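To find a chain, count down the sequence lines: A is the first, B the second, and so on, and within it residues start at 1. Everything numeric in this text was worked out from a predicted model, so none of it was measured.
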Amino acid sequence: MASSELNLYQKQESVATMSTRKHNNCALLGDNDEYQNQIDRGGVGINSVPKDMEMGKEGTSRKRFRKRTEIKEDADSDSQDERLVRSQICKDRSDGSDMEEEERIRDRRERELEKNYKERDAARTRELAAVHKSTRKEGNGAVQGSNAVKMDHIMMLREVSRQKYLKKREQDKVEELGDDIQDEQYLFEGLKLTEAEHCDLRYKKELYGLVKKSSEEADSVKEYRMPESYDQEGSINQDKRFSAASKCHRDPNAENTGKPFAEQEAWEQNQRGKAILKFGSRDRKQRGDEYEFVFDNQIEFIKAAVMDSMNDEQESVIEPTEKSGGRSAFDVLQEERKALPIYQYREELLQAVNDHQVLVIVGETGSGKTTQIPQYLHEAGFTKVGKIGCTQPRRVAAMSVAARVSQEMGVKVGHEVGYAIRFEDCTSKKTVLKYMTDGMLLRELLGEPALASYSVLMVDEAHERTLSTDILFGLVKDIARFRPDLKLLISSATLDAEKFSDYFDFAPIFKIPGRRYPVDIHFTKAPEADYLDAAVVTALQIHLTQPPGDGDILIFLTGQEEIETVEEILKHRLQGFGAKIAELIICPIYANLRTELQAKIFKPTPQGARKCVLATNIAETSLTIDGIKYVIDPGFCKMKSYNPRTGMESLLVAPISKASADQRAGRSGRTGPGKCFRLYTAHIYYNDLEDNTVPEIKRSNLSNVVLTLKSLGIHNLLNFDFMDPPSTEALLKALELLYALGALNKHGELTKVGRRMAEFPLDPMLSKMIVASEKYKCSEEIISIAAMLSVGNSIFYRPNNKKVLADNARMYFHVGNSGDHIALLNVYNSWKETDYSTQWCHENFIQVRSMRRARDIRDQLKRLLERVEIALTSNLNDLEAIKKAITSGFFPNSAVMQKNGLYRTVKLPQTVYIHPSSGLLQAPPSWVIYHELVLTSKEYMRQVTELKPEWLVEIAPHYFQLKDVAYPDSKKAAV
DNA sequence: CACCTGTCC
């Protein structure tokens with residue numbers, strides 16, 4: 001049993017390494033960062049940098065530089081999403097094997113160098129020791145000699161350091177050359193180069209090739225080892241030579257050593273026999289939709305529907321780029337553009353945009369709407385009067401689309417085509433097509449309330465109904481009324497197009513077919529009680545009955561815990577089949593998974609194996625995995641909801657909507673016809689599931705939304721034209737909170753504090769905390785804490801096998817039971833002291849990715865402090881001041897321990913618990929302040945810090961009265 | 001005691 005398990009693991013391991021090698025870009029995230037790097041630099045090393053790109057953005061350019069230098073240090077320097085898209089862009093671009101090769105060569109060299117130096121050092125020490133001994137023997141007369149030795153030693157050191165320098169320089173130069181080539185290939189692809197530029201590029205490539213080759217040869221010579229069976233005289237020891245091979249064929253009965261193999265063989269045979277007898281043979285002829293009995297508890301599915309492919313017309317098949325003979329990359333791109341489904345509608349679309357101010361566009365995935373429509377409008381001259389803006393719900397999308405469009409237009413990213421996302425404004429004065437995240441446009445609106453510089457605004461992926469798009473709708477609808485020249489395009493997937501049309505005063509709907517493969521939908525015949533088990537069974541059914549290599553499986557689960565459980569069960573069941581069934585590679589993926597492990601899902605599936613991806617909602621929209629043919633959908637997800645009465649957010653498992661179910665099903669039909677197995681009945685789908693997921697705005701804390709709208713000058717929020725108005729209660733609750741924080745006066749008008757708060761891209765309580773830090777002279781510390789808090793709960797990680805170690809490491813930052821906020825500050829400052837070391841993060845079970853994000857946020861906050869004229873002051877030794885500043889923002893989140901040992905929130909009598917991840921769990925203080933309240937399995941306070949009750953009355957006298965902060969004994973009746 | 005859907009500024 002154990003040995004077969006081992007076999008399986010080893011096999012997986014080797015397959016994984018093999019595929020790493022083959023699949024350069026995705027596996028080696030470093031490369032992707034390298035690629036980003038090139039965008040980041042915006043061609044800094046290239047002559048034709050636009051001046052306006054460098055000027056006026058000193059912050060970003062500095063950051064870019066910093067980014068570049070540290071990228072070498074570690075692969076996971078960026079947030080996961082961006083790396084993923086970069087890897088995907090890269091995949092299209094070049095095979096990148098150069099870079100990987102280079103990487104390896106460099107690595108090997110470094111190791112060798114180090115070895116050499118060590119050896120040399122050791123030798124020198126020995127020599128010196130010998131010399132010293134002899135000089136001491138020679139007595140006083142040897143002073144000169146000893147000096148000579150010293151000189152000698154110095155010369156040697158010099159020599160070594162010179163050698164070291166030369167080696168390093170050589171590496172750097174080679175690396176630079178590689179970068180250059182990549183840069184040029186990427187940035188100038190499709191552009192016409194002058195003859196001189198061509199020559200230069202050719203020369204560089206040739207040179208790079210030669211250097212690489214020679215160093216490879218050198219390496220290969222050095223690394224070659226004679227197998228021990230060939231001795232030095234050249235005679236061959238045949239016994240040794242074939243020992244490994246003959247071992248396997250020894251008669252199991254004759255010798256004991258052979259026995260384990262035979263035993264395993266027999267056991268596997270037996271297992272397979274069982275499988276064949278009981279479960280049906282995987283060798284039987286395969287037929288499309290028929291499922292054979294695989295298990296006793298096999299699940300019966302009914303094929304109920306087919307999601308049609310959207311191919312209305314004959315499509316011209318696009319030739320792969322590399323076979324395009326004499327045509328330039330640019331021509332190929334243009335042909336690809338023409339092959340997109342949307343191309344046939346170009347004129348009609350332009351006409352429609354001319355005729356109507358607002359247009360709802362329905363385009364399935366793959367129609368090319370996001371990339372093409374802005375280009376068409378540009379070509380039609382809309383950019384002569386103003387920019388074309390296009391919003392995306394995700395950063396990745398904005399970046400990758402901008403990259404694609406800039407290629408198609410033959411310009412560099414950041415010039416005519418650019419993107420703007422938080423921390424990265426890759427636009428210039430030249431930019432006419434601007435892709436951005438919706439949140440970014442919202443921020444922009446604060447400074448440019450009429451969108452004066454835009455002639456067209458396209459809100460893409462509107463059906464996702466993010467918080468930001470919903471607010472944008474209301475604002476943009478209003479702007480369109482007094483700006484008749486502004487064109488508005490709302491693009492969405494099919495389902496709720498009419499709703500959008502109705503909202504925008506019956507704007508016409510323009511339909512564009514997409515390009516997608518058909519997906520067969522299967523429902524279960526009867527409801528499944530245990531969907532985890534059902535998912536596992538279904539996955540195995542597919543794996544055993546469908547030919548391996550025809551497509552991978554994707555299972556949607558609700559969270560990390562479920563994913564881990566299913567992984568366990570699957571592994572266990574797979575063991576039961578021995579090593580002889582096709583390999584099933586299990587790939588978990590969720591946002592908080594460590595970056596190294598996330599990369600696994602992008603490695604191509606090895607021949608004869610199958611991948612089984614266990615994913616959260618992340619795979620529904622945020623990332624696409626190639627090669628998925630089967631989707632298993634249990635029909636649940638975790639959803640955040642907000643109870644305005646208690647002010648509590650909860651994260652609970654809920655059934656998904658029809659739209660979500662269809663989206664999930666669609667994930668299987670991206671590269672070929674797919675199948676979707678829903679672990680619920682068709683009746684449930686048609687009768688019980690909601691059509692659409694409740695939009696975020698109806699289940700969120702609105703305090704930030706309200707603050708934003710207030711600072712945009714919208715006073716009557718209850719009458720604001722929301723597409724789906726949030727409950728009045730939620731709005732009032734938000735207003736109340738803002739009033740308590742001092743952001744609004746009693747007339748509901750923005751105060752000075754409120755205006756300052758609105759500058760920060762944070763929740764109002766965090767913003768207030770920062771504004772208050774001015775008074776307590778600890779803005780340095782507070783912005784660190786704010787940054788750490790706003791990266792969320794992904795800072796510490798706990799590997800399953802090292803939970804205790806990880807917890808200990810975390811407790812290390814809790815000095816003196818001072819609370820989680822201070823612990824976060826300690827983490828940040830310690831990291832800063834190690835010069836932002838990656839190694840340090842690994843040692844302390846901290847996610848580098850999150851820390852880097854925190855640093856980015858902190859940098860941004862620091863800049864904004866300047867803007868609201870708050871001095872940067874440090875007051876690290878006065879923890880009380882820091883805690884008071886925190887309290888200024890979070891006083892509504894205070895709780896007190898009762899006699900029974902449970903906490904009760906101060907304002908509302910509600911029982912709450914300290915989150916198990918808190919450092920205060922061991923010695924809970926009687927008064928605490930918490931960052932957020934979440935309902936998962938219990939009402940948990942996350943990020944808790946001790947506080948003194950008298951601060952509450954001191955800081956928020958309008959909110960607390962003395963009786964509130966009296967110890968709860970007197971208030972027992974209320975509980 | 002028993003922990004963490006996904007995004008965005």
For this session: Nearest whole angstrom, please: distance from the P of B/dG6 to the CG of A/Leu652.
Result: 15 Å
Exercise. To the side chain of A/Arg942, which of B/dG6, B/dC4, B/dC8 is closest?
Worked result: B/dC4
For this session: Give, ordered by number, those residues of residues 791-799 of chain A having at least one heavy-atom distance below 4.0 Å to an atom of DNA chain B; if nothing qualifies, reply none.
Result: A/Asn793, A/Arg798
Exercise. Taking only N and O in the side chain of A/Arg394, is any of them less than 4.0 Å away from OP1 or OP2 of B/dC8?
Worked result: no
Problem set entry | Phosphate-side-chain proximity, A/His915 and B/dC1, N/O vs OP1/OP2 below 4.0 Å | no
Problem set entry | A/Met436 CE - B/dT7 C1' separation (whole Å) | 18 Å
Exercise. Under 4.5 Å between any side-chain heavy atoms of A/Ser660 and A/Asp633, yes or no?
Worked result: no
Problem set entry | For atom CZ of A/Phe845 and atom C1' of B/dC3, their distance in whole Å | 17 Å
For this session: Report the nucleotide, chosen from B/dG6, B/dC4, B/dC9, that has the shortest atom-to-atom distance to any side-chain atom of A/Val934.
Result: B/dC4
For this session: Check for a donor-acceptor pair, side chain of A/Gln847 on one end and backbone N or O of A/Leu593 on the other, with a separation under 3.5 Å.
Result: no
For this session: Rounded to the nearest angstrom, tell me the gap between atom OH in A/Tyr913 and atom C1' in B/dC4.
Result: 19 Å
For this session: With a 4.0 Å heavy-atom cut-off, tell me which residues in residues 558-570 of chain A come close to DNA chain B, sorted by residue number.
Result: A/Thr558, A/Gly559, A/Gln560
Exercise. With respect to the phosphate group of B/dG6, does any side-chain polar atom (N or O) of A/Thr616 fall under 4.0 Å of OP1 or OP2?
Worked result: yes
Problem set entry | salt bridge (Lys or Arg N to Asp or Glu O under 4.0 Å) pairs, two or more places apart, involving residues 786-809 of chain A | A/Arg798-A/Asp807, A/Asp807-A/Arg810
Exercise. Rounded to the nearest 0.5 Å, how far does OH of A/Tyr419 lie from NZ of A/Lys434?
Worked result: 12.5 Å
For this session: Please confirm whether the backbone N or O of A/Thr693 pairs with a side-chain atom of A/Ser657, one donor and one acceptor, at under 3.5 Å?
Result: yes
For this session: Determine the contact category for A/Ser622: base if any of its heavy atoms lies under 4.0 Å from a base atom, sugar-phosphate if only primed atoms, P, OP1 or OP2 are that close, otherwise nothing.
Result: sugar-phosphate
Problem set entry | Flag, side chain of A/Asn826 to backbone of A/Phe813, donor-acceptor distance under 3.5 Å | yes
Problem set entry | Upstream residue (5' side of DNA chain B) when A/Cys637 and A/Asn704 are each assigned their closest nucleotide | A/Cys637
Problem set entry | Between C1' of B/dC3 and CD of A/Gln847, the distance in whole Å | 15 Å
Exercise. Reckon A/Thr437 has a side-chain N or O less than 4.0 Å from the OP1 or OP2 of B/dT7?
Worked result: no
Exercise. A/Met639 near the nucleic acid: base, sugar-phosphate alone, or nothing, with a heavy-atom cut-off under 4.0 Å?
Worked result: nothing
Exercise. So what does A/Leu651 touch, heavy atoms closer than 4.0 Å: a base, only the sugar-phosphate, or nothing?
Worked result: base
For this session: Write down the distance between CZ (A/Arg465) and P (B/dC8), rounded to a whole number of angstrom.
Result: 19 Å
For this session: Side chain of A/Tyr940 only, please: which of B/dC4, B/dC9, B/dT7 is the nearest?
Result: B/dC4
For this session: Verify whether the ring centers belonging to A/Phe473 and A/Phe500 lie closer than 6.0 Å.
Result: yes
For this session: Would you indicate which nucleotide in B/dC1, B/dC9, B/dG6 comes nearest to any side-chain atom of A/Lys938?
Result: B/dC1
Exercise. Got a donor-acceptor contact below 3.5 angstrom from the A/Ser400 side chain to the A/Ala397 backbone?
Worked result: yes
For this session: Measure from CD on A/Glu939 to P on B/dA2 and round the result to the nearest Å.
Result: 13 Å
Exercise. Is the shortest heavy-atom distance from the side chain of A/Val934 to the side chain of A/Lys640 under 4.5 Å?
Worked result: no
Problem set entry | Approximate separation, where rounding is to 0.5 Å, of A/Glu696 CD and A/Asp470 CG | 8.5 Å
For this session: Answer yes or no: does a side-chain N or O of A/Ser937 lie under 4.0 Å from OP1 or OP2 of B/dC3?
Result: yes
For this session: Test side-chain contact (heavy atoms from CB on, under 4.5 Å) on A/Arg465 and A/Asp724 and set out the steps.
Result: CA-CA 10 Å; A/Arg465 303 292 307 276; A/Asp724 279 289; 2.7 Å; yes
Exercise. For A/Met399 and B/dT7, what is the distance between atoms CE and P respectively, to the nearest whole Å?
Worked result: 14 Å
For this session: Measure from the side-chain heavy atoms of A/Glu696 and tell me the nearest of B/dC3, B/dC9, B/dG6.
Result: B/dG6
Seminar exercise, completed: The nucleotide from B/dC1, B/dG6, B/dC9 with an atom nearest the side chain of A/Leu921 is B/dC1
